[in-house]
Amino acid sequence: MIVRMKHLDLVCVASDKESTLEKLRALGVVHLDLAAAGGAAVAAAKGELDEAEKAVRLIRKARGKDFSDEVRPCSVADVLALDDDRATLVSEKERLEREIKTYEPYGDFDPVLAKKLLDKGIDLTDELLAKLPEMRLGKMREKLARVLNRIAVDDAKTARADEQAILAKYPTLRDKMAFEQAKELMSEQGSVAVISGWIPVSHVAGLTSSARSSGWGLLLRDPAEGETPPTLIEPPKMFRPMKALFAGLGIAPAYVEDDVSVPFMCYFSLFFAMLVGDGAYGAIFLLITFLMRKKLPKSWLTLLTVFSLATIAWGTLSNTWFGAGIPACADWPTVRWLGDVTYKNIMFLCFTIGVSHLMLARLWNGVCRLPDSTAIAEFGWAGVLLFMYFVTNSLVGIFASVPSFMMWVFVASLVLVFGFSVKPKELKTNGIALGMLPLNIMSALGDIISYVRLFAVGLASVKVAENFNSMALGLVSGDNPLWLNALLSVGTVLILVSGHALNLAMAALSILVHAVRLNTLEFSNHKGVSWAGYAFSPFKTNKETEK
């Protein structure tokens, strides 16, 4: 569910401004619009954080992939000073390289002697020597070598800087910036200071108790029309890891919309499995998750475990392991059904998943809107989707034709949609929505067809794996000498490893594109979730290092 919010105005004595903010931060239940704050103190705090982040980037860049030296204590200022020195040295290096390139064709001549010749009127003929260098070529090269050595020394010092020590300061720096932002937001009016924010209704009692003991004044009210409170979702315990996925995607439903965490997680797990399409890949995902279990947040550990197990289950049902099948499982009913060479069964499954996903959205809307008359239109939309499901299956030859009774369902559904989508009193303001209904009804067909991507992308992944297997195994032949097969077997292993690694990466990308789209676009359009909200982020102390 989406937690209800109260708008908060907190009043305190101006002289207690900082102590009030300290207590408010310790409570950690009030959302403040910190991004709206500016000022010199905020800019200075942000500058410190930016410098720390820049220092970490410089250290990682200097280290490269093969860094194994012992780290040494080094402050952010030291790292930035090394970078400034390096920039100066690089500029000098480039200048010397240009001069060397210019005068190199003339050899290692003495500029002093050349000037004496010019002073005596001897024509050196070449216009390039109209401007003599400051030193001879050999000296330039020596100086360039010294500059390159100093650059290498600066790089080595930067690479050995203690990155973790800087990262450990991130929470403190972020807290400092947030505190300065909160101070900027807390306006003073005479002898009192006021700050506004949002608080979940479940935490109002705790704040009220703190206000009573601290001498604060509170004004709590429901959101006014036109206000956009932050969104705090609290799914059932089993589905709470979805909060991490939403945060990772940077999305949040609007405050007035519904929490779709439960269907999102259920269908996303199914989409993940079908798009990857290979049980062995699921096992690899699960192994990686297990190896990273100490570094992953608990929510992500749960999500990746669920998604990996779903993929292994799909691979078992379809008998797909690294693009091949286990012979002993070839006659399983699910394997034969999903392996239909006409692909009609798997397309039928995709369309069935699609219509269930979209009808769930419409039926959910209908139940939530009861007893309002617009609920009837939502039930009508469910009927329209069911009809389009039969149309889709008939278009690709899965069904011979659309059953005649479905025509009556479609007609009745149209009547409900057109009759109850807009209330009579709203015709003047929302009447245009009726004009868009024919287009929306036709787009419902496209929405169901869109779920065929689960089959298409999953099949592509399997076929790519099969092709890499064929390429690799085709290298070794019984007609080849033993030594040649031994040599070619190395190529076989390289093709298999690199090919499946590439296919695995492409599968991961397809999840971000297609699994997310089907939930945040097709399903959400029918559910009425715009993802236009912003996440509830309470003013509190950072407890963990942010990397």
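Scope of the values below: all heavy atoms of this structure, side chains included, with no hydrogens, waters or symmetry mates. Residue numbers run from 1 in the order of the sequence given. Just so you know, these numbers come straight off a predicted model, no measurement behind them.
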Please tell me if the side chains of Ile195 and Leu21 come closer than 4.5 Å, counting only heavy atoms from C-beta onward. yes
For Phe539, enumerate each residue passing the ring-ring contact (aromatic ring centres under 6.0 Å, His included) test, keeping only those at least two apart in sequence or located in another chain. none
Residue pair Lys61, Thr158: steps toward the side chain to side chain contact (heavy atoms under 4.5 Å, CB included) verdict: CA-CA 9 Å; Lys61 183 179 178 181; Thr158 302; over 6 Å; no
dist Leu173:CG -> Tyr170:OH (nearest 0.5 Å) comes out at 8.5 Å
Between Arg86 and Asp155 (salt bridge meaning N to carboxylate O under 4.0 Å), is one present in this structure? yes
Does anything in residues 513-532 pair up under salt bridge (charged side-chain N to carboxylate O under 4.0 Å, His left out), and if so which pairs, sequence neighbours excluded? Asp258-Lys527, Arg517-Glu522
Check: Val194 and Met186 side chains under 4.5 Å, non-hydrogen atoms: no
Is there a side-chain contact between Leu80 and Leu58 in this structure, where contact means two heavy atoms from C-beta onward sitting under 4.5 Å apart? yes
May I ask you to check whether His514 and Tyr451 place their ring centers less than 6.0 Å from one another? no
Ring centres of Tyr281 and Trp321 under 6.0 Å apart? no
Taking NZ, NE, NH1 and NH2 as the nitrogens, is one of them in Asp108 or Arg136 under 4.0 Å from a carboxylate oxygen of the other? yes
For the residue pair Thr102 and Glu99, establish whether any side-chain heavy-atom pair is separated by less than 4.5 Å. no
Using modelled atom types and a 3.5 Å cut-off, is there a donor and acceptor pairing between side-chain atoms of Ser461 and backbone atoms of Gly458? no
I'd like to know if Arg57 pairs up with Glu163 as an ion pair, taking the criterion as any Lys NZ or Arg NE/NH1/NH2 lying under 4.0 Å from an Asp or Glu carboxylate oxygen. no
Note: Ser269 and Ala310 closest approach over all heavy atoms is O-CB, 3.7 Å
Taking the six-membered ring for Trp and the single ring otherwise, decide whether the centroids of Phe307 and Phe268 are under 6.0 Å apart. yes
Sidechain N-carboxylate O distance under 4.0 Å for Lys176, Glu180: no
Between the side chain of Arg453 and the main-chain N/O of Ser450, is any donor-acceptor distance below 3.5 Å? yes
Show your working on side chain to side chain contact (heavy atoms under 4.5 Å, CB included) between Arg150 and Asp85 and close with a plain yes or no. CA-CA 9 Å; Arg150 288 180 60 189; Asp85 185 55; 3.6 Å; yes
Taking NZ, NE, NH1 and NH2 as the nitrogens, is one of them in Glu97 or Lys101 under 4.0 Å from a carboxylate oxygen of the other? no
With a 3.5 Å distance limit and no angle check, can you tell me whether Ser75 reaches the backbone of Asp78 through a side-chain donor-acceptor pair? yes
Might you confirm whether atom NZ of Lys93 has over 12 heavy atoms from other residues, nucleotides or ligands at distances under 6.0 Å? yes
Distance flag, aromatic centroids of Phe272 and Phe285, threshold under 6.0 Å: yes
Could you check whether Glu188 pairs with Lys17 (Lys NZ or Arg NE/NH1/NH2 to Asp/Glu carboxylate O, under 4.0 Å)? yes
Can you name the nearest heavy-atom pair linking Pro200 to Leu232, along with the distance? CG-CD2, 3.8 Å
Which residues pass the ring-ring contact (aromatic ring centres under 6.0 Å, His included) test with Trp198, not counting sequence neighbours? His7
Test side chain to side chain contact (heavy atoms under 4.5 Å, CB included) on Val56 and Val76; report intermediate values, then the result. CA-CA 8 Å; Val56 171; Val76 171; over 6 Å; no
What one should report as the nearest heavy-atom pair of Leu32 and Leu185 is CB-CD1, 4.3 Å
Give a yes or no on this: more than 12 heavy atoms of other residues, nucleotides or ligands lie within 6.0 Å of atom CZ of Arg72. no
Do the non-hydrogen side-chain atoms of Met292 and Trp300 ever get within less than 4.5 Å of each other? no
I would like to know whether Lys54 and Glu51 meet salt bridge (Lys or Arg N to Asp or Glu O under 4.0 Å); could you show each step before the answer? CA-CA 5 Å; Lys54 182 181 178 181; Glu51 287 179 350; over 6 Å; no
Point-to-point distance, once rounded to the nearest 0.5 Å, from CE of Met274 to OG of Ser510: 12.0 Å
Going by heavy atoms in the side chains, are Asp447 and His526 under 4.5 Å from each other? yes
Backbone of Asp175 reached by a side-chain donor or acceptor of Arg25 within 3.5 Å: yes
Atom CD1 in Ile346, atom CG in Leu454: separation rounded to 0.5 Å? 8.5 Å
Heavy-atom nearest pair, Ile511 first then Leu275, reads CA-CD1, 4.2 Å
Closest approach of Thr231 and Gly533, non-hydrogen atoms and distance? OG1-CA, 4.2 Å
When you look at Met471 and Leu496, which way does the side chain to side chain contact (heavy atoms under 4.5 Å, CB included) test go after all the steps? CA-CA 9 Å; Met471 290 169 56; Leu496 287 174; over 6 Å; no
Pair Phe523 and Tyr267, ring centroids less than 6.0 Å apart: no
So, do Phe322 and His500 have ring centers that fall under 6.0 Å from each other? yes
Gap separating the CD atom of Glu92 from the CG atom of Leu144, nearest 0.5 angstrom: 9.0 Å
Could you give the distance from CG (Leu96) to CG (Leu148), rounded to the nearest 0.5 Å? 9.0 Å
Side chain proximity check, Lys157 to Cys74, heavy atoms < 4.5 angstrom: no
Side-chain contact test, heavy atoms from C-beta onward, threshold under 4.5 Å: evaluate it for Val30 versus Phe536 and give yes or no. no
Would you call Lys139 and Glu134 a salt bridge, taking side-chain N to carboxylate O under 4.0 Å as the test? no
Side-chain donor or acceptor of Ser524 paired with backbone N/O of Asn519 under 3.5 Å: yes
Please check this pair: side chain of Thr492 against backbone of Ala472, looking for a donor-acceptor N/O pair closer than 3.5 Å. yes
Between atom OG of Ser470 and atom CD1 of Ile495, what is the distance when rounded to the nearest 0.5 Å? 11.0 Å
Correct closest heavy-atom pair for Pro253 and Ile2 would be CG-CD1, 4.0 Å
Kindly say whether Ser537 contributes a backbone atom to a donor-acceptor pair with the side chain of His31 at under 3.5 angstrom? yes
Does atom NZ of Lys243 have more than 12 heavy-atom neighbours, drawn from other residues, nucleotides or ligands, at distances under 6.0 Å? yes
Has the side chain of Ser91 got a donor or acceptor atom that lies under 3.5 Å from a matching backbone atom of Ala87? no
Any donor and acceptor pair, going by atom type alone, linking the side chain of Arg240 with main-chain N or O of Pro235 inside 3.5 Å? yes
Verify ring-ring contact (aromatic ring centres under 6.0 Å, His included) between Phe264 and Phe239, making sure each step is shown before the conclusion. CA-CA 9 Å; Phe264 199 117; Phe239 300 93; over 10 Å; no
Sub-3.5 Å donor-acceptor pair from the side chain of Asn503 to the main-chain atoms of Gly499, do we have one? no
